[in-house]
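Structure first, commentary second.
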Protein chains: 2
Amino acid sequence: MAHTLDKLDRKILHYISQNARTPFLEIARECNVSGAAIHQRVQKLVNQGVIRNSEFVIDQYKVGYQTCAYIGIVLKNNIEFQAVVDHIKEIPEIVECHYTTGKYAMFIKMYAKDNRHLLRLILDKISTIPGVANTETFQLSLEEIFRRQLSTFGVDEEK
Amino acid sequence: MAHTLDKLDRKILHYISQNARTPFLEIARECNVSGAAIHQRVQKLVNQGVIRNSEFVIDQYKVGYQTCAYIGIVLKNNIEFQAVVDHIKEIPEIVECHYTTGKYAMFIKMYAKDNRHLLRLILDKISTIPGVANTETFQLSLEEIFRRQLSTFGVDEEK
DNA sequence: CATGAAAAAGATCCAGG
DNA sequence: CCTGGATCTTTTTCATG
């Protein structure tokens, strides 16, 4: 299940997970291997699915989305999750969707332009999905304290 | 505050937010402009802070982190947030940290290798931070339903 | 699996409109 | 703010150890 990553793999992940445009040759120099080696390793990691994709991270606040919230969703009894997920997926403002154990059936992360927009999305788009019993909103303050990627890639597995 | 993005800016953001290694020349072809134009636009977006950074997205499950949780944190009265944040930042398994309004003072996202590790992190690392009154954990199921970036960049602002 | 060298593709710079 | 072209950098391929 968990892939075995050696030191070089982890070093590569460390660099490219912080900056997807780091030149492979630069990583190669840091690691004292050839550029081709980095290229082959990255290729392998992509094939193994360890690397999912790459993306430029956009500052949502600067493109007009001033509000963000986590929302816990409680479902009615005997509801088929997948049907609800299908509806969730149709709402572009929702950027993450997870199943949870405990209090809520699902947990989502959603952006909105402002508080009014947030309320409209919850009342008009989410609460009206068949099967949704109720929701609880945890509104995040405008200031995101930090956001980063996990950087302790499989430390302790092998050497 | 919110930057005005025209159609071309949005198209560029659309492509590079899905794949940070999309060649600019390819985007240029799609948009019927020169490669230099894309280059200049991206530069501008970076300078404006609309583009924050780029990253390769790692599959945490494949590198040994089987568990993920959102955790709401309640603080004791009269606690200085920053001191708590400083402690939070020291825990590498925590990948997001936000202030929240309402029930909790803060909301974090944290990865762990397994349930035992998760519990250890909560009890030994988080609960012991001076000022933390209590925490509530929403454990996410192993299967992340989806995760994507917001793709409706400032739609409706200008043309 | 790594290497170095060669070929192909892309990024960056710049003068000009 | 765009363009085309020159130039420099990076990626990718491949034969070899």
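Note that the structure is a prediction, hence the values are computed from the model and not measured. Protein chains get the first letters and strands the later ones, always in sequence-line order, with residue 1 at the start of each.
- The nucleotide range of DNA chain D contacted by chain A, defined by atoms under 4.0 angstrom from heavy atoms of the protein and reported 5' to 3', is D:dT10 to D:dT13.
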Going through the checks in order, is the side chain to side chain contact (heavy atoms under 4.5 Å, CB included) test met by A:E96 and B:K109? CA-CA 12 Å; A:E96 280 184 42; B:K109 181 176 182 175; 3.1 Å; yes
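- Summarising the geometry, atom CZ belonging to A:F107 is positioned 5.0 Å from atom CZ belonging to B:F138; distances are rounded to the nearest 0.5 Å.
- At its two ends the helix from C:dC1-D:dG17 to C:dG17-D:dC1 runs along axes set 30° apart, each axis drawn from five pairs and the angle rounded to 10°.
- Residue A:N115 forms a side-chain hydrogen bond (donor to acceptor under 3.5 Å, both in side chains) with just one option from A:Q66, A:R120, A:Q139, and that option is A:Q139.
- Within the 3.5 Å criterion, the main-chain N or O of B:I122 finds a donor-acceptor partner in the side chain of B:S127.
- In this structure, the side chain of A:Q149 engages the main chain of B:F56 through a donor-acceptor pair within 3.5 Å.
- Residues B:D6 and B:R41 are paired through a salt bridge, judged by an N-O separation under 4.0 Å between the basic side chain and the carboxylate.
- Taking a 4.0 Å limit (strictly below) on heavy-atom distances, residues 33-59 of chain B reaches DNA chain C at B:A36, B:H39.
- Formation of a donor-acceptor pair under 3.5 Å by the B:R148 side chain with backbone atoms of A:I94 is found in this model.
- B:N19 meets the side-chain contact (heavy atoms from CB on, under 4.5 Å) test with A:S54, B:R21, B:T22; sequence neighbours excluded.
- Near DNA chain D, meaning a heavy atom under 4.0 Å away, the residues from residues 15-25 of chain A are A:P23, A:F24, A:L25.
- In this structure, CD1 on A:I126 lies 9.0 Å from CD on A:E93, to the nearest 0.5 angstrom.
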Test ring pair (Phe, Tyr, Trp, His ring centres under 6.0 Å) applied to B:H98 and A:Y70, step by step: CA-CA 10 Å; B:H98 312 266; A:Y70 284 124; 5.6 Å; yes
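- You'll find the side chain of B:L75 reaches within 4.5 Å of the side chain of B:F81, heavy atoms only.
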Only pairs under 3.5 Å count here: list side-chain donor-acceptor contacts from residues 23-31 of chain B, not counting sequence neighbours, and write none if there are none.
| residue | atom | partner | partner atom | Å |
| --- | --- | --- | --- | --- |
| B:E30 | OE1 | B:Y15 | OH | 3.4 |

